[in-house]
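Have a look at the structure below before the remarks.
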Protein chains: 2
Amino acid sequence: MSTRVLVVDDEEDLCEILQFNLEGEGYEVDVAYSAEEALKKDLKSYQVILLDVMMGKISGFKLAKMIRQEMKLSVPIIFLTAKDGENNTLTGFSLGADDYISKPFSVREVIARVKAVIQRTRSEGGYEGKKLTYREFELDDAGKQLIINKKVIELTKKEFEILYLLMDNPSRVFSREDMMNRIWTDEVVVMARTVDVHVARLRKKLGKYGHYIRSKPGYGYYLEHE
Amino acid sequence: MSTRVLVVDDEEDLCEILQFNLEGEGYEVDVAYSAEEALKKDLKSYQVILLDVMMGKISGFKLAKMIRQEMKLSVPIIFLTAKDGENNTLTGFSLGADDYISKPFSVREVIARVKAVIQRTRSEGGYEGKKLTYREFELDDAGKQLIINKKVIELTKKEFEILYLLMDNPSRVFSREDMMNRIWTDEVVVMARTVDVHVARLRKKLGKYGHYIRSKPGYGYYLEHE
DNA sequence: GTAAAGTGTAATCAAAATGTAACAACCATG
DNA sequence: CATGGTTGTTACATTTTGATTACACTTTAC
């Protein structure tokens, strides 16, 4: 799942710069030039909202309050304020809070914040401690390990990601391309056969359960129906 | 009883951001844009007061003195100070269990402090000597030391914090970023490799138990399953 | 049944991640 | 203003993982 970010600011230049850079980081970026425009979006579909405090009729604060109080959304919000701070190097931390950045800010800084916020919400919400199960498999996301009948099986990152994908959507067939898109970042391009090799290694580690992962010739891989 | 917080600062944006975020944390937040305005409030009804040092006619310090000496209140005060190079004119300032944060700060930091202060005043008297154990490790939070088979091992602060984090969540994998965020809270940014070095030093002190701390390539560090 | 396409997997080399010593900066303390 | 302890960074050694290729084997299409 790609991470979606919404930028709400009436300065078009700024929006473009942010959009360009955040997209460069692999985020899917949407832009709104006013609070009204932002309200037309499906706000709950974003992982982070960057919000200018000073804007046309409806201020960023009002919008934030609407988002929180009326729409009852808990999307993390990062405020952009015009008060110029000097050098904001920042890394504070506390769970569940929004944040603010003073203009002028460096793009680097914004990206750092966005990453931090996403990181935080990831490890906070249902993501942490998430355990996927399929037959005798128990995939422990926090521990990045697989447990089969109380036995721990260590997986490499790629193996973990492949198994995670499959167990998250059992009985769905994933083409090699699907997997490449989901598991490998855009900059990295690998051969389709590479997927096969990883699946083979994963199967080997699964021992007698290896055949739970099945291949459908011409289509891809999937988990056998329970 | 809900926890009441008063924010006193002449920067309206900042006040709003703090109010918004603290309310998001479940606090009841009141705002005053000047010392005079603050004095009209029922100051003893707050559990914490966030106070800007630099403000109009009456400075934050003066207000604090009035609160402490004339009104004889012991409400915890957290000062917000403008960060200037030759700081520490503050260190001599000991009006009790107060705290101060330099601007520019991150909202997360403020919230963390507020939580800490409230926590502290709540559990006053009852000393919290939390002890974590994992296999033959016994981590004494009060003494900030590790005991293995009756033997005391002195740890540096960072070592202690890393071990504490791991022992508090055994078998969970912490990325270097996780650790940086949790352990280097203040406005310090360190390289990810710095975490590695600390882990290495910690392992060395743990001697033959060093391998209890394991690394998972691509993910981070965790405590070996017992 | 046979050819073509698709898949399984061992072996190999390259790349990434980790372990750690060494050094420099920092800081509290006497 | 030395001093020892702590901390952050770098550089290099080592380990682990990852990508590709080659060849054996299976499935599919006709």
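Naming convention: chains lettered A, B, ... in sequence-line order (proteins, then strands); numbering from 1 in each chain.
Taking atom CD of residue A/E154 and atom C1' of nucleotide C/dT18, one finds them 16 Å apart after rounding to whole Å. Computed from coordinates, the A/K157 NZ to C/dA16 P distance equals 12 Å when rounded to whole Å. One interatomic measurement links the two molecules: CD of B/E177 to P of C/dA17, which rounds to 13 Å at whole-angstrom precision. Residue B/M179 contributes atom CE, which lies 13 Å from atom C1' of C/dT18 at whole-angstrom precision. For B/M191 and C/dA25, the CE to P distance is 16 Å, given to the nearest whole Å.
Counting non-hydrogen atoms under 4.0 angstrom, B/T194 reaches a base of the nucleic acid.
Side-chain contact check for B/Y27 and B/Q19: no donor-acceptor pair (N or O, by modelled atom type) lies under 3.5 Å.
A cation-pi arrangement is not found for A/R176 relative to A/F174, the charged atom failing to lie both closer than 6.0 Å to the ring centre and inside a 45° cone about the ring normal. Seen from the ring of A/Y222, A/K216 counts as a face-on cation partner, given the 6.0 Å and 45° thresholds. For the pair A/K157 and B/Y219, the cation-pi test (distance below 6.0 Å, angle within 45°) is passed.
For DNA chain D, the outermost nucleotides in 5' to 3' order that have an atom under 4.0 Å from a heavy atom of chain A are D/dT17 to D/dT27.
In this structure, A/F79 has its ring center under 6.0 Å from that of B/F20.
Proximity of a side-chain donor or acceptor of A/D140 to a complementary backbone N or O of A/G143 within less than 3.5 Å is detected. For A/E16 (side chain) and A/D13 (main-chain N/O), no donor-acceptor pair under 3.5 Å exists by modelled atom type.
None of A/E136, A/E224, A/R203 except one satisfies the side-chain hydrogen bond (donor to acceptor under 3.5 Å, both in side chains) rule with A/Y212; the exception is A/E136.
Within a heavy-atom distance below 4.0 Å of DNA chain D, the residues of residues 197-221 of chain A found are A/V197, A/H198, A/R201, A/P217.
Contact of A/R176 with C/dT7 (side chain to base): no donor-acceptor pair of N or O atoms is detected under 3.5 Å.
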